[in-house]
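One structure below.
Since the model is a prediction, treat every value here as computed from it, not as a measurement. Both counts, for ligands and for their atoms, begin at 1 and track the order of listing. Numbers for residues simply follow the sequence, beginning at 1. No hydrogens, no waters, no symmetry mates; every other heavy atom, side chains included, goes into these values.
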Amino acid sequence: MNIIVVKNAEEIAKVAYEKIVKAFEGKQEFTLGLATGGSPLGIYDLFRQHKPNVSHVMTVNLDEYVGLAEDDQTSYHTYMAEQLFNHLNFKENHLPDGNAKDLDEACKEYEELLKKHPVDLQLLGLGENGHIGFNEPGTPFNTPTHIVELTESTRNANKIYFENEEDVPTHAVTMGIGSILRAKEVILIASGIKKAEAVKEMLHGKEDIGCPATALQKHSNVTIVVDEEAYSLCEKK
Ligand SMILES: N[C@@H]1[C@@H](O)[C@H](O)[C@@H](COP(=O)(O)O)O[C@@H]1O
């Protein structure tokens, strides 16, 4: 794994943004895997500022909550529209359908889409418990897109985005770890002391389903961009 340690979240965004744009610039077509949460906000801000040409770029998002209407203020559909899709002319934008009548069928369809359009570069955040997408600890590394029950830790970390704690959905649809590992290139970003344990485990822990991010250890093209706080437990390894 290629590890880049920078000063703070702003620097992470700059480094990651430049790597992403460089990857799709000049290509005929490109499939870009996107993430939500707090971590990518700086990257999406740079997209809005610089407005790179993305007319050949199709995007696929990692995950979506189950049971929220697409236009719900707290859905990832709304997050992505507000942060990115309303501001740039991508070729196509796709997110998992967390509101489908038949969720299993929707997962299968999303996995088919990913197979038809292999992800060239996947952007990932990192959960405090080491989750990637919404793949919680214990998820086998070969899983396709599937429905997950969110852990207390994840619901707790995400409650800041909801008015009431009870409003945080209990389930989500997520690309599986197997889906994520098929991406040709992965960039994972993590900032702040809250991520330090997970970063240490991801980089130095044994490859184990107890920490989903350790699945990345066997991927051949991964760049981890972290700030000093998130990396702080690694130096004392
Ligand atoms: N489902 C999302 C992930 O896609 C995200 O990468 C991660 C980290 O979130 P944040 O960047 O807000 O710390 O947890 C959330 O639960």
Could you tell me, atom by atom, which parts of ligand 1 come under 4.0 Å of a heavy atom of [X]?
X	result
H131	7 (C), 14 (O), 15 (C), 16 (O)
Y76	1 (N), 2 (C)
Y161	12 (O)
L126	6 (O), 8 (C)
N158	15 (C), 16 (O)

Which residue owns the protein heavy atom closest to [atom], what's the atom, and how far is it?
atom	answer
atom 4 (O) of ligand 1	D63 OD2, 3.3 Å
atom 13 (O) of ligand 1	K195 NZ, 2.6 Å
atom 6 (O) of ligand 1	G125 CA, 3.2 Å
atom 5 (C) of ligand 1	T36 O, 3.9 Å
atom 11 (O) of ligand 1	S39 OG, 2.5 Å
atom 3 (C) of ligand 1	G133 O, 3.5 Å

Chi angles and distances behind the salt bridge (charged side-chain N to carboxylate O under 4.0 Å, His left out) call for E111, R182: CA-CA 11 Å; E111 195 65 18; R182 285 199 309 269; 2.9 Å; yes
Neighbour count >12 (heavy atoms, 6.0 Å) for atom NZ, K108: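 No.
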More than 12 heavy atoms of other groups within 6.0 Å of N89 CG: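 At most 12 heavy atoms, drawn from other residues, nucleotides or ligands, come within 6.0 Å of this atom.
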Test of proximity, G38 against ligand 1: N or O pairs below 3.5 Å: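 Right, the criterion is met.
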K14/E11 ion pair, N-O < 4.0 Å: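 The answer is yes: the pair qualifies as a salt bridge.
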Note: E207-K218 ion pair, threshold 4.0 Å (strictly below):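 Judged by the 4.0 Å cut-off on N to carboxylate O distance, E207 and K218 do form a salt bridge.
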A35 near ligand 1 by a heavy-atom separation under 4.0 Å: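 Checking ligand 1 against A35, which is what was asked, there is no heavy-atom contact under 4.0 Å.
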Common cluster, F85/F30, ILVMFWY with side-chain heavy-atom separation under 4.5 Å: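 Linked within one cluster.
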Region of Y65 engaging ligand 1 - heavy atom pairs below 4.0 Å: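 Y65 to ligand 1: no contact under 4.0 Å from either part.
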Closest approach of S191 to I12 (non-hydrogen atoms, all atoms of both residues):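 Distance-wise, the nearest heavy atoms are CB-CD1, 3.5 Å.
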Distance in Å, L121 CG paired with E185 CD, rounded so as to fall on 0.5 Å steps: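 Between atom CG of L121 and atom CD of E185 there are 4.5 Å.
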Of T223, N221, I224, V222, the residue whose pairing with N2 passes side-chain contact (heavy atoms from CB on, under 4.5 Å):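 That would be T223; it is the only one of T223, N221, I224, V222 passing the side-chain contact (heavy atoms from CB on, under 4.5 Å) with N2.
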